[in-house]
Amino acid sequence: MYRSLSNIVSGRNTRQGQWGLPLLVALLISLWLSVQTTQFATAENLFNLVAQAMPLVIAAVGQLVVVVVGGLDLSVGSVISFTTAVLALDQPAIVLIPAVFVLAAFIGLINGLAITRFNVHPIIATLSTQYIVLGITRILRPVSGGTVPEIVIAAVSGSFLGIPYPVFWGIVVMLLAWKLLYGSRYGLHLFAIGGGIASGAESAARNFGVSDRRNIILAYVVCSCFAAVAGVFLAGRIVSGDPNVGLLFELDTVTAVALGGTQLSGGIGSLHGTVIGALVMALLANGMNLANVSPFVQTAIKGGILLAVVGLQSRKKMGL
Amino acid sequence: MTAVLANPIARRLLRIPPSYFVFLVLLATLWVARPNMLNLNIMGIFIRQIVPLGILVLGQLVVMRVKSIDLSGGGIILLINYFISSGSFPGASLPFFVVLALATGLVIGLFNGFMIGIRRVSAVIVTLAVSIILVGLVQFLSSGNPPGDVPRLFNDLYNTKFLSVPTPVLFWIMLTAAVWLLLSQTVFGRYVASVGENAEAAHFSGVPVQRTVILAHTLAGLIAAIAALVQTGSIAVGSVRVGLDLPILAVAATILGGVAFGRGDGGVWGPFFGSLCFALLFVVMTVLGIDEPGKLIAQGVIILGAAIFYGVRVRTS
């Protein structure tokens, strides 16, 4: 509240991380795009952009929750693919939609249990579930196809008072995440545990009576459920199940989180930073598409951004 | 559960790398399902295919011992494969390609080491990002199509045999022995062990922690380059997809071999058998008629199982 603008841009360390710079980048890209192209600054393109960015925004918010407790979830992409595959199983929506979230929560539970109870490194645990979930997805749906329940399609393609539904998805997800991270005891505990892990005092939160295990398990469950929401949204957009739709999402979410100034070592992170980070990625993709940049080069540029962003984050820990 | 784990026999069993158990189980499965597969010639062919993975594992285990990880192997393999198959260096000789490959691996490994050791960036992110950049670059340069052919000499060398053992397998064993000597007999090996055990304590005992981490990653880059040469010899054509899943499998084989981020009781032979497990696993799966999705699931279950096995072992000791 009391920080000056220069502090926000230079990013004096707070619990929110350094999110001023990405905001500046987002504004600059938008400005450049609206000057350079006539298509960009139209309401239609902007709403389209929001709809394109939404899966990444939703999944990145989930990723943020585990990053805050010093973790990383590499199974996000396969959970998204899995969700679209399940939704296209030709069953009534009343069965499928709850099933998707129960299954996603179960995947998160396995991740959390392996990490907290069995001492498995988060990267290894989520990498294994990534493989397992991807395998199951390919059994359910070897190639893309099937039909998604009408209600899912209607929920992403309509509009209310001239504002398309995807905008409302974004608002609801952000309100939920805001309440979870900054408006609840649980969120406070997450930051406390993450801060302890980042400074090498892993038992710090436990010493004050915060059950770290249960909270960390819940963080992975929350992350998977957000990924499932992103999957439901994507399924509504592509109108079918696709075993490869979530490919590379785990990296894009990590990039978005890191772009938003969140420290990957835990304890520091901001929701608005993450959302800005995801929007920057969407803007870049939009701009590069308008400029006809080869998709392969786009992939390389994304990798370069990730490298540059985390390369500029200083941290104490060496290694993973 | 804890009572069982505290039992001295159980504790001794938990110290053995899981790869030995998995190897025996897979061997037994194969023996029951297809006994006629178990002869030296057939197994030689299957094991030969796993040699690039086996070599990559050697680099992986060195960096995992200093509590780091290297996922850039896929990009390195793809880039070197592109160098050799694209015809960008017409009429170049084998030694030229070997030197070029090693230099590529060295530079990328050094970059990884610098970012992780000095800039202290998360190793997963750095090496993954490097891999993505290289893959994107190669796919752009070759417009997504396989570039071209590999000089015949590569495949001819790959197909040679020495006393009925395929040369690549022999090369792999020699390289493994070399890394074993490096880790168990040299000062660098001691540094690696102490940095992995406790980087802070190592620093205060006068171990050059940063230099050890950088050297470990440089070595991993070099070893990935060697794996790339063998892989290129094995497929004998240019490709834009080859070896992309190898780094993950290498991490899996290393964990299976009892080495996990820091402490490594299994040395190099545990991961060696870890790689062999994947060779056998693919044979068994093919014999049992399990397709690609089943293999993915099995890989995931094996990685998770080995990691849990290791986690339980750390808890009890």
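The analysis underlying the following values was restricted to heavy atoms, covering all of them including side chains, and did not include hydrogens, waters or symmetry mates. If you're wondering where the values come from, they're calculated on a predicted model, not measured in any experiment. Here is how names work: the chains are called A, B, and so on, in the same order as the sequence lines, proteins then strands, and each is numbered from 1.
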Closest approach of [X] and [Y], non-hydrogen atoms and distance?
| X | Y | value |
| --- | --- | --- |
| A:Ser294 | B:Phe140 | OG-CD1, 3.7 Å |
| A:Ile132 | B:Ile297 | O-CG1, 3.6 Å |
| A:Ser128 | B:Gly300 | CB-O, 3.3 Å |

Go through the atoms of [X] and report whether side chain, backbone, both or neither lie under 4.5 Å from a heavy atom of chain A.
| X | result |
| --- | --- |
| B:Phe111 | side chain |
| B:Ala307 | both |
| B:Leu304 | both |
| B:Val213 | side chain |
| B:Ser143 | backbone |

- Query: What part of A:Leu264 lies closer than 4.5 angstrom to a heavy atom of chain B: side chain, backbone, both or neither?
  - Reply: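 When you check distances to chain B, only side chain atoms of A:Leu264 fall under 4.5 Å.
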- Atom group of A:Leu251 that falls short of 4.5 Å from chain B, counting heavy atoms: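 Side chain of A:Leu251 only, per the 4.5 Å heavy-atom cut-off to chain B.
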Could you point out which residue of [options] forms a side-chain contact (heavy atoms from CB on, under 4.5 Å) with [X]?
| X | options | answer |
| --- | --- | --- |
| B:Val124 | A:Val310, A:Ile123, A:Leu127 | A:Ile123 |
| B:Ile132 | A:Leu307, A:Thr299, A:Thr255 | A:Thr299 |
| B:Leu296 | A:Ile136, A:Leu134, A:Ile139 | A:Leu134 |

- Which one, B:Val301, B:Ile248, B:Val126, leads in non-hydrogen pairs under 4.5 Å with chain A?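 It is B:Ile248.
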- When heavy-atom pairs shorter than 4.5 Å are enumerated against chain A, which of B:Leu128, B:Val63, B:Asp291, B:Leu137 gives the highest number?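 So the answer, after comparing B:Leu128, B:Val63, B:Asp291, B:Leu137, is B:Leu128.
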- Indicate yes or no for a side-chain donor-acceptor contact from A:Arg138 to the backbone of B:Pro293 under 3.5 Å, with no hydrogens or angles considered.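 No: the side chain of A:Arg138 does not pair with the backbone of B:Pro293.
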- Message: Could you measure the distance from the NE2 atom of A:His121 to the CD1 atom of B:Ile255? Nearest 0.5 Å is fine.
- Response: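 Answer rounded to 0.5 Å: 10.0 Å.
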- Item | Gap between atom OH of A:Tyr131 and atom CD1 of B:Ile302 - 0.5 Å precision |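 Nearest 0.5 Å value for the CD1-OH distance: 12.0 Å.
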- Message: Shorter than 4.5 Å, heavy atoms on both sides: which option in A:Leu306, A:Thr137, A:Thr129, A:Ile305 has the most such pairs with chain B?
- Response: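 Between A:Leu306, A:Thr137, A:Thr129, A:Ile305, the count favours A:Leu306.
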